[in-house]
Amino acid sequence: MSRTDGPASGYETIIMDVTLDPGATVGRHTHPGIESTYIMEGEIELPIQGRPTQMLKAGEAFQVPPETPHAGGKPTTAKTRLLINYIVEKGKPLATPV
C-alpha cells in the first residue's frame, strides 16, 4: 500500500494489506524492525518465539519485536486479511527465514 522513509534516518515504514487463503501458512522468519498487525478479517494462529501461541481474530492486533522469530500463522477455514505496518531498517530484506 505504501512505503516511505522514516520515522528516523536509516529506517522506512511499510504498510501492507495481506490476505492469507484458508489453511495457508507463512514459514518462521524475522524482520529488521517492528511489525504491528491488525486483523481485519478471519482469525490466525500466531506463534512468536518466547510467547505462548495465540489464536487471534478480527478486531485484534499484535506486535512482533525486531529480529524475533515468528511464523505467519495458520488461518482457519476462511481467508484472513491483515493490515501490517513495519518500521524496519532501510536496505535490509523485509523478512529473513529462520
Side-chain angles (χ1 to χ4, degrees):
M1 292 175 59
S2 76
R3 184 180 213 127
T4 56
D5 288 341
S9 178
Y11 284 84
E12 63 183 334
T13 299
I14 301 167
I15 300 173
M16 299 174 74
D17 181 341
V18 174
T19 299
L20 299 174
D21 291 327
T25 59
V26 177
R28 228 166 117 74
H29 61 281
T30 62
H31 302 289
I34 193 166
E35 172 187 342
S36 300
T37 299
Y38 176 77
I39 303 164
M40 295 188 290
E41 292 178 41
E43 55 185 22
I44 190 166
E45 180 183 277
L46 182 67
I48 299 174
Q49 185 169 302
R51 300 181 191 173
T53 297
Q54 294 180 287
M55 189 60 135
L56 300 169
K57 61 183 190 262
E60 295 182 307
F62 63 90
Q63 286 191 323
V64 180
E67 303 298 341
T68 301
H70 62 290
K74 182 170 68 176
T76 56
T77 57
K79 76 175 181 177
T80 299
R81 190 164 164 227
L82 310 169
L83 179 61
I84 306 173
N85 181 60
Y86 298 101
I87 299 176
V88 293
E89 291 182 62
K90 194 171 183 172
K92 289 193 173 182
L94 180 57
T96 302
V98 177

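Leu94 has its side chain within reach of Val88: a pair of non-hydrogen atoms, C-beta onward, lies under 4.5 Å apart.
Clustering of Ile, Leu, Val, Met, Phe, Trp and Tyr side chains at separations under 4.5 Å places Met40 together with Met1, Ile15, Tyr38, Leu83. Under a 4.5 Å side-chain heavy-atom criterion applied to ILVMFWY residues, the cluster that includes Tyr11 comprises Ile34, Ile87 as well.
Checking Val26, Val64, Val98 one by one against His70, the side chain to side chain contact (heavy atoms under 4.5 Å, CB included) holds for a single residue, Val64. For the side chain to side chain contact (heavy atoms under 4.5 Å, CB included) with Thr80, the lone residue among Ile44, Thr19, Val18 that qualifies is Ile44.
Listed by first then second residue, pairs satisfying side-chain hydrogen bond (donor to acceptor under 3.5 Å, both in side chains) with a partner in residues 53-68 read Ser36-Gln63, not counting sequence neighbours. Every pair passing salt bridge (charged side-chain N to carboxylate O under 4.0 Å, His left out) that includes a residue from residues 7-18 is listed here, sequence neighbours excluded: Arg3-Glu12, Asp17-Arg81. Within the structure, salt bridge (charged side-chain N to carboxylate O under 4.0 Å, His left out) pairs that include any residue of residues 86-98 comprise Asp5-Lys90, Glu89-Lys92 (at least two apart or interchain).
For Tyr86, the ring-ring contact (aromatic ring centres under 6.0 Å, His included) partners at least two apart in sequence or on another chain are His31.
Contact detail for Pro22 and Ala78: the closest heavy-atom pair is CG-C, 3.6 Å. Looking at every heavy atom in both residues, Thr13 comes nearest to Pro7 through OG1-CD, 3.7 Å.
Here the straight-line distance linking atom OG1 of Thr96 with atom NE2 of His29 works out to 9.5 Å at 0.5 Å rounding.
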